[in-house]
S.K.: 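Have a look at this one.
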Amino acid sequence: YVQKGKYADVEIAVFGETANLSRDIGDAMLTDLNLSAYDHDLNATKLEDSWAGNLFDSVIRYGLPDKGQNWTSSNLWSTSNPLEHGDFTPYFQASKLFEEILTAAGYTYDSTFLGRMSDVYLALYNGNLAIKGNRNPQAQTAFVGYSADVTGLSSTTFVNLTGFSESSPFYDTDSNFNGTTYTAPFRAYYTFRVYVHGVIDHLTNTTLTMRLAKGGSTFLATIIDNLTGAFFNEESFVVLTDPILLNQGDAVSLQYALSNSGHTVDFTGTNQLGSGGTGFEIVEVSGATSGQTVDVAGNMPQMKQIDFVSGLQKMFNLVFIPDRNNPKHLEIEPFNDYMSLGDQKDWTNKIDLSKDITIAPTTDLQARQYEWTHSNGKDLINEVVFKNASRVYGRYRVDDPENDFASGNKEIKSPFAPHVVSYIPGTQYAVHRMLIDTDQDDKTIKDPLPRLAFWNDQQTGTIYYQNNDNDDTTTDTEYPAFSQFSDLEASVSDEDLGFGAERPFHIVEANPLNTLYYTYWRPFVNELYSSDARKLTAFFRLTRSELATFEFSDKIYIKDTYWRILSVSYDATSEDLVKVELLKVLGDIRDCQFIPFGIDKADGKIQFTNPQGSTVVQVTRVCCERYGYFYDNASSNCFQPFEQ
């Protein structure tokens with residue numbers, strides 16, 4: 001800015017290169033990730049490899065949720081009705097998926113926590129009953145037929161009709177037809193429509209039978225059954241078959257046979273699609289039940305990558321700290337773990353006593369109500385809880401109605417649905433029943449929310465499933481299990497992917513103490529809501545070096561108390577005073593007078609520790625019910641509730 005021709009002021013704009021994870025990930029979906037390195041064949045060997053932890057080093061494991069099959073004791077798998085490979089569902093390791101997202105966005109990271117959560121998996125289910133492969137089922141359709149009449153056929157044994165054209169207007173979308181047979185590209189249900197038009201050279205002395213056959217000899221479906229010329233000639237026949245289960249490599253042909261060798265039949269070829277000519281069409285192909293390559297990315301739930309990352313952040317209270325020298329390298333840990341890594345610094349002599357020092361309650365940081373919750377999954381169990389309790393299963397709420405200064409509500413809501421396990425009716429198989437309550441035959445959830453679950457290893461319970469060649473049944477005395485608990489038959493010391501304790505829908509020893517709220521959010525909330533919570537605002541004389549090297553995890557010692565930094569305000573162009581807001585470090589505040597730690601299996605009593613560290617079983621109702629247990633008034637004992 002030049003004034004009077006000789007005085008100049010220069011305004012300088014400085015543009016930083018701060019990384020922005022949300023911006024760099026953008027609106028990309030999980031299905032947009034390049035996960036082709038994890039694609040694999042859908043067969044019995046891969047299922048078994050996943051259970052043993054040998055499929056991509058445990059990155060993928062197969063579970064057995066009910067995603068619409070509506071299993072009960074009356075239609076359960078058996079030796080005569082084994083599970084198809086596609087009845088299982090792949091689960092993808094959440095920490096590996098997190099890594100793939102950050103890598104695709106150009107980030108690297110260090111995290112001890114993500115290395116510890118290797119048993120947490122995302123269900124690869126997006127509303128399709130079948131597992132999606134690298135070949136689209138509807139791309140396997142075909143329509144082949146005669147472009148000109150075929151005359152003088154006289155076989156009295158079943159033989160293939162040959163010479164069908166697949167040239168326009170006919171078509172063979174994925175090159176499965178060879179002029180005579182259609183070869184199934186994978187195990188699935190195939191629906192055929194057959195068109196027949198022709199003439200038998202005598203009206204009554206011979207009959208024509210036509211069928212679809214597999215491998216030249218195995219009957220699949222009757223098309224025309226012993227018709228004489230009087231009924232066959234000059235009629236257009238259009239026959240739609242029921243869905244036919246074919247294995248990969250099965251070759252299907254249209255065959256004919258006459259009852260009298262002294263006569264012939266001619267078939268009409270119009271070189272047109274539809275009735276009036278002769279040919280056959282593959283109308284519909286179901287999702288593959290076996291035999292194709294699983295498209296891992298294509299089976300991801302409909303979810304943005306950034307929502308998956310932020311969902312983990314909300315569940316585990318994660319902090320993302322960029323490296324000072326490389327903003328695209330992150331340190332990622334739960335809040336509690338991050339705060340424990342900071343240095344202790346004494347700023348007692350750096351405080352400016354000529355300025356006001358304010359020590360105040362934390363009321364301006366508090367909300368009247370804090371709520372942690374997942375999203376409603378709309379499956380059988382989640383919907384029952386939502387309709388009857390007006391909340392999502394596993395919610396945790398902090399209310400402070402006596403605080404006249406706190407106002408408003410804050411909700412931490414994950415985009416995931418609870419992976420609640422219940423028993424298949426009439427059985428002892430505990431699975432996630434991911435289907436809707438309806439009288440309709442189709443019970444699949446069309447737009448399911450993503451679900452996270454712990455891998456619980458294989459549990460006792462016999463399953464029967466197809467072998468690799470789909471020609472025999474494999475028997476296993478264990479079934480693969482996933483649940484919201486780190487152990488299917490959870491006890492007090494296990495982990496729970498719910499925010500708050502709930503009564504489970506399957507038998508456990510005891511509700512786990514370590515819910516998401518208790519483990520990852522409780523210390524953070526205590527520093528806001530404790531009666532000892534305080535916020536300090538003061539001015540400090542800090543050097544540029546001290547400003548450049550401080551971490552929000554540092555513990556700042558002032559006189560006789562430790563504090564952690566909430567915010568720092570300063571003028572970067574001078575070494576003036578620095579305004580700092582700090583929150584008092586309170587340490588681990590006891591959650592309740594009595595804390596559960598185990599269960600006496602002999603009598604079912606929940607065991608607690610008191611503030612002195614002693615083991616007790618007689619406790620207060622408040623501390624018993626706080627962790628989801630049943631309180632017995634007569635004995636002051638706590639028990640695991642089993643009724644639901």
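For this chain, numbers begin at 1 and follow the sequence in order.
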S.K.: Is any NZ, NE, NH1 or NH2 atom of the basic residue among D27 and K304 found under 4.0 Å from an Asp or Glu carboxylate oxygen of the other?
M.R.: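 The answer is yes: the pair qualifies as a salt bridge.
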
S.K.: Strictly below 4.0 Å, N to O, side chains only: are E383 and K378 in salt-bridge contact?
M.R.: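 No, this pair does not count.
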
S.K.: Would you call the rings of W372 and Y370 parallel, tilted or perpendicular if under 30° counts as parallel and over 60° as perpendicular?
M.R.: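 Parallel: the ring planes of W372 and Y370 meet at under 30°.
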
S.K.: For a quick check under 3.5 Å, do N34 and S36 share a side-chain donor-acceptor pair by atom type?
M.R.: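 Yes - a donor-acceptor pair under 3.5 Å links their side chains.
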
S.K.: Does either side chain, that of N456 or that of S483, offer a donor lying less than 3.5 Å from an acceptor on the other one?
M.R.: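 Yes, because at least one side-chain N or O of N456 sits under 3.5 Å from a partner of the opposite role on S483.
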
S.K.: Sort and list the pairs that fulfil side chain to side chain donor-acceptor pair (under 3.5 Å) and have at least one residue in residues 515-527, not counting sequence neighbours.
M.R.: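 Sorted pair list: R522-D588, E527-R564.
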
S.K.: Does NZ in K46 sit with more than 12 non-hydrogen atoms of other residues, nucleotides or ligands closer than 6.0 Å?
M.R.: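 At most 12 heavy atoms, drawn from other residues, nucleotides or ligands, come within 6.0 Å of this atom.
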
S.K.: Would W51 and F88 satisfy ring-ring contact (aromatic ring centres under 6.0 Å, His included), going step by step from the backbone distance to the final call?
M.R.: CA-CA 12 Å; W51 303 333; F88 296 88; 5.6 Å; yes

S.K.: Using distance alone, with no hydrogens and no angle criterion, decide if T112 and E333 have a side-chain donor and acceptor under 3.5 Å apart.
M.R.: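 The answer is yes; a qualifying pair exists.
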
S.K.: Side-chain donor-acceptor pair under 3.5 Å between K446 and T444, yes or no?
M.R.: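 The answer is yes; a qualifying pair exists.
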
S.K.: Can you give me the closest heavy-atom contact between L124 and T89, atom names plus distance?
M.R.: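 Nearest heavy atoms, L124 then T89: O-CG2, 3.7 Å.
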
S.K.: Side chains of Y38 and E100: donor-acceptor distance under 3.5 Å anywhere?
M.R.: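 E100 and Y38 do have a side-chain donor-acceptor pair below 3.5 Å.
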
S.K.: Identify, with sequence neighbours excluded, every residue that meets side-chain hydrogen bond (donor to acceptor under 3.5 Å, both in side chains) alongside T108.
M.R.: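 If we apply the side-chain hydrogen bond (donor to acceptor under 3.5 Å, both in side chains) test to T108, skipping adjacent residues, the hits are H329.
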
S.K.: Does atom CG of D437 have more than 12 heavy-atom neighbours from other groups under 6.0 Å away?
M.R.: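 Counting neighbours around CG of D437, 12 or fewer heavy atoms of other residues, nucleotides or ligands fall under 6.0 Å, so no.
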
S.K.: Decide whether E11 and Y1 meet the rule of one side-chain donor and one side-chain acceptor closer than 3.5 Å.
M.R.: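 Yes, side-chain donor-acceptor contact under 3.5 Å.
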
S.K.: So which atom in R395 and which in T373 form the shortest heavy-atom distance, rounded to 0.1 Å?
M.R.: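 Smallest heavy-atom distance, with atoms named: CG-CB, 4.0 Å.
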
S.K.: So if I apply the side chain to side chain donor-acceptor pair (under 3.5 Å) rule between Y121 and each of H419, R61, K96, which one comes out positive?
M.R.: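 One option only clears the test, and that one is R61.
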
S.K.: Please give me the minimum heavy-atom distance between P512 and A490, naming the atom from each residue.
M.R.: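 Residues P512 and A490, closest heavy atoms: CG-CB, 3.8 Å.
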
S.K.: Please determine if K345 and E551 form a salt bridge, counting it only when a charged side-chain N lies under 4.0 Å from a carboxylate O.
M.R.: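 So K345 does not pair with E551 through a salt bridge.
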
S.K.: With a 4.0 Å cut-off on N to O distance, would you call R391 and E502 a salt bridge?
M.R.: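 Result for this pair is yes, salt bridge flagged.
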
